[in-house]
Amino acid sequence: MPVSQLNEQVVMIPAGQGAALETTLFKPDGDGPFPLLVINHGKAPGDPKLQQRDRFVHMARAFVRRGYAVMVPMRAGFAHSGGRYIDHGCDMAANGYTQAADVREAIRYARSLPWVDAQRIVAAGQSYGGLATMALATQQIPGLRGVMNFAGGLRVHGGPCDWQEALVRAFGEYGKRSKVSSLWMYGANDSYFGPELASRMHGAYTRAGGSAELVAFGAFKRDAHTMLASQDGEQVWLPQAERFLARIGMPVKEKFALPASEQAPTEYAAVDDVSALPYLAVHGREEYRAFLQRQLPRAFALSPSGAWGWAEEGEDPRRSALAACQSRSREPCQLYSVDNAVVWPAATSSGGTDR
């Protein structure tokens with residue numbers, strides 16, 4: 001579901017291993033040239049090929065409003081990108097460098113585009129993407145003015161690897177070779193990289209000579225590791241990012257007003273009136289009652305077949321709720337409620353059975 005006001009498109013970028021990288025592009029209207037933000041994704045558990053294309057819509061929207069083009073490349077072996085995912089085990093420095101090689105190819109491609117300002121580039125990364133971004137900062141990248149590390153690192157499950165110590169060593173190496181300034185953001189309740197480990201990584205980086213401002217922003221909802229993907233995370237990261245961007249000579253003022261993406265509430269029913277839901281029988285209504293306890297942002301979708309789906313948090317809960325519903329239904333699904341409002345059209349009739 002493209003975000004039309006962000007001019008979203010998906011392209012395949014040539015890279016190493018003879019691969020093409022599935023890449024999401026966002027940009028303002030017009031010919032540019034626009035400064036560029038490159039956002040680097042993390043790694044979900046399991047097979048990287050099964051990982052969904054990352055979009056970072058909340059961050060992309062904030063930067064497009066400020067006149068930036070935004071690129072989100074899926075690295076080799078992830079999602080629909082070609083090539084294979086390469087894992088160096090406990091050698092965290094090597095893991096970061098390998099991932100950074102794909103990011104470098106994406107930037108090389110971006111600099112060839114007529115609507116990209118090749119002299120004003122900033123990179124950001126979340127989780128494994130943060131590690132890749134800090135590895136990228138060790139290289140001489142034309143036009144790269146700074147990087148932002150959001151909960152960067154890589155966790156190893158099982159085995160003899162002391163991955164925490166390996167991360168500290170990797171960031172020490174990156175600090176020694178760093179070429180640009182960086183902003184780091186880690187939360188107090190990050191389930192992957194807690195405050196003590198974040199402090200050790202930052203200390204190793206700066207003692208080795210790297211320029212890095214560490215922002216320890218405290219607890220965020222159930223897990224600070226998800227902050228960047230949350231709609232509510234913007235109030236945490238954006239003020240810090242604006243100060244950093246201004247310091248490295250990148251734009252921070254809003255230039256474009258984007259249309260609101262939210263659906264308008266209707267007067268079909270109160271959001272907590274479970275009896276008003278169309279099509280759903282007992283089990284579906286019980287699921288909706290439980291959904292009302294979920295975190296914002298959230299969305300609930302249903303279809304005339306009695307199928308339903310919901311989602312909370314993440315980049316686009318509306319899109320995720322519709323996809324969850326549609327996976328159970330041969331008939332089209334439609335959003336019933338978003339956050340604390342019903343968006344179901346009042347003229348739609350009810351009926352059907354539970355799924």
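Just so you know, residue 1 is the first one in the sequence shown, and it goes up from there.
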What I want to check is whether the side chains of [X] and [Y] have a donor and an acceptor closer together than 3.5 Å.
| X | Y | value |
| --- | --- | --- |
| His88 | Thr98 | yes |
| Thr133 | Asn149 | no |
| Glu173 | Tyr97 | yes |

Kindly say whether [Y] contributes a backbone atom to a donor-acceptor pair with the side chain of [X] at under 3.5 angstrom?
| X | Y | result |
| --- | --- | --- |
| Asn40 | Ala132 | no |
| Asn7 | Lys27 | yes |
| Thr206 | His202 | yes |
| Asp223 | Ser191 | yes |
| Glu331 | Ser303 | no |
| Ser199 | Glu196 | no |
| Ser127 | Gly129 | no |

Using side-chain hydrogen bond (donor to acceptor under 3.5 Å, both in side chains) as the criterion, list what pairs up with [X], not counting sequence neighbours.
| X | value |
| --- | --- |
| Arg298 | Asn340 |
| Ser275 | Asp273 |
| Glu242 | Arg66 |

Taking only residues two or more places apart in sequence or in another chain, which ones pass side-chain contact (heavy atoms from CB on, under 4.5 Å) with [X]?
| X | result |
| --- | --- |
| Thr266 | Tyr268, Val342 |
| Gln51 | His41, Lys43, Ala44, Asp54, Met74, Phe78 |
| Thr24 | Glu8, Val10, Phe26, Arg53, Arg55, Val72 |

[X] atom [atom1], neighbour heavy-atom count above 12 within 6.0 Å:
| X | atom1 | value |
| --- | --- | --- |
| Asp31 | CG | no |
| Gln52 | CD | no |
| Lys255 | NZ | no |

When clusters are formed by joining ILVMFWY residues with side-chain heavy atoms under 4.5 Å apart, either directly or through shared neighbours, do [X] and [Y] land in the same one?
| X | Y | result |
| --- | --- | --- |
| Met250 | Ile107 | no |
| Leu238 | Ile248 | yes |
| Tyr174 | Leu167 | yes |
| Trp163 | Tyr85 | yes |

Self-check item: salt bridge (charged side-chain N to carboxylate O under 4.0 Å, His left out): pairs with one or both residues in residues 83-93, sequence neighbours excluded
Solution: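 Every pair satisfying salt bridge (charged side-chain N to carboxylate O under 4.0 Å, His left out) with a residue in residues 83-93: there are none.
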Quiz prompt | Stepwise side chain to side chain contact (heavy atoms under 4.5 Å, CB included) check, Ile121 with Arg145 | solution = CA-CA 6 Å; Ile121 300 171; Arg145 297 195 179 189; over 6 Å; no
Practice problem: Please state whether the rings of Trp184 and Phe171 are parallel, tilted or perpendicular, taking 30° and 60° as the class boundaries. | Solution: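 Ring orientation of Trp184 relative to Phe171: tilted.
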Distance-minimising heavy-atom pair for [X] and [Y]:
| X | Y | answer |
| --- | --- | --- |
| Ala229 | His58 | O-CD2, 3.3 Å |
| Ala219 | Asn189 | CA-OD1, 3.2 Å |
| Pro251 | Pro35 | CG-CG, 3.9 Å |

Quiz item: Rounded to the nearest 0.5 Å, how far apart are CG of Asp316 and CD of Gln231?
Solution: 9.5 Å
Quiz item: Nearest 0.5 Å, what's the OG-CG distance between Ser81 and Leu21?
Solution: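 Going from the OG atom of Ser81 to the CG atom of Leu21 covers 5.0 Å.
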Exercise. Sequence neighbours left out, what passes ring pair (Phe, Tyr, Trp, His ring centres under 6.0 Å) with Phe56? Give chain and number order.
Key: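 Here no residue qualifies.
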Quiz prompt | Under the ring pair (Phe, Tyr, Trp, His ring centres under 6.0 Å) test, residues paired with Tyr288 that sit two or more places apart | solution = Phe291, Phe300, Tyr336
Practice problem: Please name all residues satisfying salt bridge (charged side-chain N to carboxylate O under 4.0 Å, His left out) with Lys221, sequence neighbours left out, ordered by chain then number. | Solution: Asp232, Glu313
Self-check item: Ionic contact status for Arg289 with Glu286, cut-off 4.0 Å
Solution: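 The answer is no: the pair does not qualify as a salt bridge.
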Quiz item: Run the side chain to side chain contact (heavy atoms under 4.5 Å, CB included) check on Arg120 and Leu36 step by step: do they pass?
Solution: CA-CA 6 Å; Arg120 293 193 296 172; Leu36 176 70; over 6 Å; no
Does the side chain of [Y] come within less than 4.5 Å of [X]'s, by heavy atoms?
| X | Y | value |
| --- | --- | --- |
| Lys179 | Gln139 | no |
| Met71 | Ile39 | no |
| Gln99 | Leu136 | no |

Practice problem: Only pairs at least two apart or in different chains count here, so list each disulfide (SG to SG under 2.5 Å) that has a residue in residues 70-104. | Solution: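 Matches after skipping sequence neighbours: Cys90-Cys161.
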Quiz prompt | Steps toward side-chain hydrogen bond (donor to acceptor under 3.5 Å, both in side chains) verdict (Thr138, Ser178) | solution = CA-CA 4 Å; Thr138 68; Ser178 65; over 6 Å; no
Quiz prompt | Residue pairs passing the ring pair (Phe, Tyr, Trp, His ring centres under 6.0 Å) test where at least one lies in residues 106-149, sequence neighbours excluded | solution =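 Checked against ring pair (Phe, Tyr, Trp, His ring centres under 6.0 Å) - neighbours excluded - no pair reaches residues 106-149.
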Quiz item: Which is it for Arg65 and Glu234 under the salt bridge (Lys or Arg N to Asp or Glu O under 4.0 Å) test, yes or no, and what are the steps along the way?
Solution: CA-CA 13 Å; Arg65 287 201 309 265; Glu234 183 172 305; 3.3 Å; yes
Quiz item: So which of Tyr186, Tyr192, Phe220 actually passes ring pair (Phe, Tyr, Trp, His ring centres under 6.0 Å) with His225?
Solution: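 Answer after filtering Tyr186, Tyr192, Phe220: Tyr192.
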